[in-house]
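Here is the structure we will look at.
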Amino acid sequence: MEACPSSRLGSSRSGESEYCGPAAHLCPEDRPEETAAAVNAWAARHALAE
């Protein structure tokens, strides 16, 4: 049984989340490329990246 069948990055405060795919433990460790892409997309949406 997977410990975390679906991994989401996000904040309940902002109401935003991003599905990064299945992960067994911690999303940043199990899905580093997807995590980086989600963070970069968030920064771009909030005009924090070029």
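Just so it is clear, the values below take in all heavy atoms, side chains as well, and ignore hydrogens, waters and symmetry mates.
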Practice problem: Sequence neighbours left out, what passes side chain to side chain contact (heavy atoms under 4.5 Å, CB included) with E29? Give chain and number order. | Solution: H25, L26
Quiz prompt | Pairing residues for A37 by the side chain to side chain contact (heavy atoms under 4.5 Å, CB included) criterion, not counting sequence neighbours | solution = none
Self-check item: From CD (E18) to CZ (R45), nearest 0.5 Å
Solution: 6.0 Å
Quiz prompt | CG on N40 to OG1 on T35, rounded to 0.5 Å | solution = 11.0 Å
Exercise. Might you point out which heavy atoms bring R31 and G21 nearest each other, and give the distance in Å?
Key: NH2-CA, 3.6 Å
